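See below for the structure under consideration.
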Amino acid sequence: MSVIAVLALDGVPGHQLTTPGLVFGAACRDNPGLAYEIRICAARGLRDTGAPAVLRIDTPFDLDGLADADVVLVPGHDGHRDEPPPGVSAALRAAAARGSRIAAVGTGTFTLAASGLLDGCRATTGWRYLEELADRYPEIEVDPLGTVVEDGHFLTAAGVFGGLDLCLYLLRSDHGRRVAEETGRELITPLHTYADDVRDTIDREVTESVGLEPTLRWVEANLQHPLTPAAIADHARTSVSSITRRFHAHTGLSPLQYLLRARLHEARRLLTETDVPVERIAARTGFNSPAALRRHFRAFTDTTPRAYRRAHRG
């Protein structure tokens, strides 16, 4: 039996707290050979979930519940800018030292970062907090494009449904693609009822985004520079929140996600059409090192820059 310890910190959204039980419960129900134990653990006493639906809960496990867990999952929570409660960082480091997989959703990534576990690792968080994570923890390589990012024993996820994505990712790692896809289909299919409403909303937002083209072209012409959401918003003469909303409506991506995608497209073009060395391509496309280019390129294309060049210029 695999033990998944969910670490509840003050202000955790209720849906993130219950998602592991929903996913792994559905998987076990449809696959009798599977067995998972979900533990809700807390640093101290009562927890409350985030507003607007405040709920007081009493957790059956304290930090000792992490001791023999196969996976420790840290959901998002309101106090991510504060120091973790006493004992949390030590418990996370001890779990990592025993070889447990450590996972975080959204702002839960900040709790892992505060423990020092993500130093030198690639990680992600919710798109609203990407720049803050990069500023506060420069030792972390923040991935703006990743839905679920895995680096060694550490997994981080972004987005409103990041907990669902992460749990399905763990399920696929443990029991294969078929089990994960069947579980995901069972849980997600009911959402399709609302697809028409969502599409209408997107259509309205796209209409508002007609004037974004000059900024997109400007981003693509300045890939070599360390662009930030603030710089992109300044070019568009609007606020960061407004430019982010317009990027999502027009491209389906945040500004940083669009920037990374544009850098990778340009890197592919240079690999295919020129003899420029990979090291110089990294600089010309705005990656801070050739290693960063190789890491993102592999995640994007499932191959290395050199192998891609050989395959497309053979």
Side-chain angles (χ1 to χ4, degrees), residues 120-127 130-131 133-134 138 140-152 154-159 162 165 169 172-173 177 202 206 209-236 243-314:
C121 294
R122 189 164 57 97
T124 194
T125 185
W127 63 265
L130 288 168
E131 192 170 3
L133 182 66
I140 299 173
E141 182 186 343
V142 177
D143 187 335
L145 202 59
T147 301
V148 177
V149 174
E150 182 175 15
D151 193 328
F154 304 106
L155 301 96
T156 51
D165 293 332
Y169 188 96
R172 186 180 66 178
S173 298
R177 181 181 297 273
I202 291 173
V206 168
S209 303
V210 174
L212 191 61
E213 284 297 328
T215 298
L216 297 179
R217 303 292 79 80
W218 176 80
V219 167
E220 292 164 4
N222 290 274
L223 299 176
Q224 71 275 23
H225 299 302
L227 301 180
T228 64
I232 297 171
D234 286 344
H235 180 271
I243 198 66
T244 299
R245 178 179 58 79
R246 291 168 65 189
F247 259 79
H248 271 285
H250 195 70
T251 71
L253 303 169
S254 72
L256 289 180
Q257 289 172 333
Y258 184 88
L259 174 62
L260 177 58
R261 186 70 60 89
R263 284 172 168 162
L264 290 168
H265 280 305
E266 177 62 8
R268 290 201 306 183
R269 187 191 70 79
L270 291 170
L271 289 166
T272 303
E273 300 178 7
T274 75
D275 294 318
V276 176
V278 172
E279 290 72 17
R280 287 176 56 196
I281 289 177
R284 286 175 58 172
T285 52
F287 290 97
N288 57 19
S289 69
L293 168 60
R294 293 186 185 99
R295 188 156 46 243
H296 285 293
F297 197 88
R298 178 177 284 279
F300 187 58
T301 66
D302 203 29
T303 189
T304 65
R306 296 188 191 281
Y308 185 89
R309 170 172 273 168
R310 285 197 302 269
H312 288 79
R313 299 189 69 189

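Because the structure is predicted, anything quoted here is derived from the model rather than measured.
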Could you tell me which non-hydrogen atom of [X] sits nearest to which non-hydrogen atom of [Y], and how far apart they are?
X      : Y      : value
Arg309 : Ile281 : NH2-CD1, 3.7 Å
Ala233 : Ile243 : CB-CG2, 3.8 Å
Ala282 : Pro290 : CB-CA, 3.8 Å
Pro255 : Ile232 : CB-CD1, 3.9 Å
Pro305 : Phe297 : N-CD2, 3.7 Å

Pairs involving residues 217-233, ordered by first then second residue, that meet salt bridge (Lys or Arg N to Asp or Glu O under 4.0 Å) (sequence neighbours left out) |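 Sorted result for residues 217-233: Glu213-Arg217, Arg217-Glu220.
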If you round to the nearest 0.5 Å, how far is [atom2] of [Y] from [atom1] of [X]?
X      : Y      : atom1 : atom2 : answer
Phe300 : Leu293 : CZ    : CG    : 12.0 Å
Asp151 : Ile140 : CG    : CD1   : 10.5 Å
Leu256 : Leu253 : CG    : CG    : 10.5 Å
Leu133 : Glu141 : CG    : CD    : 11.5 Å
Leu259 : Leu223 : CG    : CG    : 6.5 Å
Thr215 : Phe247 : OG1   : CZ    : 6.5 Å

For Asp275, enumerate each residue passing the side chain to side chain donor-acceptor pair (under 3.5 Å) test, keeping only those at least two apart in sequence or located in another chain.
->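 So Asp275 forms a side chain to side chain donor-acceptor pair (under 3.5 Å) with Arg313.
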Taking only residues two or more places apart in sequence or in another chain, which ones pass side chain to side chain donor-acceptor pair (under 3.5 Å) with Arg172?
->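 Residues passing side chain to side chain donor-acceptor pair (under 3.5 Å) with Arg172: none at all.
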Residue list, salt bridge (Lys or Arg N to Asp or Glu O under 4.0 Å) with Glu131, at least two apart or on another chain =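 Expected list: none.
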Donor-acceptor pair, [X] side chain versus [Y] backbone, under 3.5 Å?
X      : Y      : answer
Arg268 : Thr301 : no
Arg298 : Thr303 : no
Arg263 : Phe287 : no

Carefully, step by step, assess Val142 and Thr124 under the rule side-chain contact (heavy atoms from CB on, under 4.5 Å).
-> CA-CA 6 Å; Val142 177; Thr124 194; 5.5 Å; no
Taking atom types as modelled and ignoring hydrogens, do the side chains of His248 and Arg245 form a donor-acceptor contact shorter than 3.5 angstrom?
->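 Absent: no donor and acceptor within the cut-off.
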Are side-chain N/O atoms of His312 and Thr272 paired as donor and acceptor at under 3.5 Å?
->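 Absent: no donor and acceptor within the cut-off.
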Take Asp143 and Arg122 through the test salt bridge (Lys or Arg N to Asp or Glu O under 4.0 Å) and record every step on the way to the result.
-> CA-CA 6 Å; Asp143 187 335; Arg122 189 164 57 97; 2.7 Å; yes
Report the C-alpha distance between Glu266 and Leu271 in whole Å, list the side-chain angles of each, state the deciding distance to 0.1 Å, and finish with yes or no for side-chain contact (heavy atoms from CB on, under 4.5 Å).
-> CA-CA 9 Å; Glu266 177 62 8; Leu271 289 166; over 6 Å; no
Answer yes if the ring centres of Tyr258 and His265 are under 6.0 angstrom apart, and no otherwise.
->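 When the ring centroids of Tyr258 and His265 are compared, they turn out to be at least 6.0 Å apart.
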Check side-chain contact (heavy atoms from CB on, under 4.5 Å) between Glu150 and all other residues, then give those that pass, not counting sequence neighbours.
->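 Residues passing side-chain contact (heavy atoms from CB on, under 4.5 Å) with Glu150: Leu155, Tyr169.
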Student check: side-chain heavy atoms of Val219 and Leu227 closer than 4.5 Å =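 Yes, at least one pair of side-chain atoms sits under 4.5 Å.
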Step by step, work out the side-chain contact (heavy atoms from CB on, under 4.5 Å) result for Thr125 and Leu130.
-> CA-CA 6 Å; Thr125 185; Leu130 288 168; 4.0 Å; yes
Just do the side-chain contact (heavy atoms from CB on, under 4.5 Å) check on Trp127 and Thr244 with the steps written out, would you?
-> CA-CA 9 Å; Trp127 63 265; Thr244 299; 2.6 Å; yes
Scan for side-chain hydrogen bond (donor to acceptor under 3.5 Å, both in side chains) pairs involving residues 284-294, sequence neighbours excluded, and state none if there are none.
->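 Listed by first then second residue: Glu279-Arg294.
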